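If you're wondering where the values come from, they're calculated on a predicted model, not measured in any experiment.
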Amino acid sequence: MGPIVLTQLATGLSMLAGAALVKSVMDQKPMAGPLCPSCNGTGRVACLCSRWSDGDAGCRACSGSGRMACSSCGGTGTGRPIPFGKFSI
């Protein structure tokens, strides 16, 4: 094998090793913040249409599933910390 082939082989192996390292780090510790206390990290809450209906569920907010996006986290499932110093009392 020539030096160019060996260089390409080494580059490919290092890329695979780097991808495996990133995957193992992501599996151990997700980058998401703390879970939303309103939806417990699901991003969905019971829709209002299922609370006052007579057993059927379905509206534009939930598309008939009976669960709509959480208004506290915007459907992400992660809690958003309140920025301090931006509000004056």
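Cys62 is listed as a side-chain neighbour of Cys49, based on a closest heavy-atom distance under 4.5 Å. Between Ser38 and Cys73 there is no side-chain heavy-atom pair separated by less than 4.5 Å. At least one side-chain heavy atom of Cys36 sits less than 4.5 Å from a side-chain heavy atom of Cys70.
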Dump the intermediate steps for side-chain hydrogen bond (donor to acceptor under 3.5 Å, both in side chains) on Ser63 and Ser65, then the final yes or no. CA-CA 6 Å; Ser63 300; Ser65 68; over 6 Å; no

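Minimum interatomic distance between Arg67 and Thr42 (heavy atoms only, all atoms of both residues): NH2-OG1, 4.1 Å. Residue Arg44 comes nearest to Cys39 through the heavy atom pair O-CB, 3.6 Å, listed as atom of the first residue, atom of the second, then distance. Listed here is the closest heavy atom pair of Leu35 and Asn40: CD1-O, 4.1 Å.
Summarising the local packing, CG of Leu13 is surrounded by more than 12 heavy atoms from other residues, nucleotides or ligands at distances under 6.0 Å.
Here the CG atom belonging to Leu6 is positioned 10.5 Å from the OG1 atom belonging to Thr11, to the nearest 0.5 angstrom.
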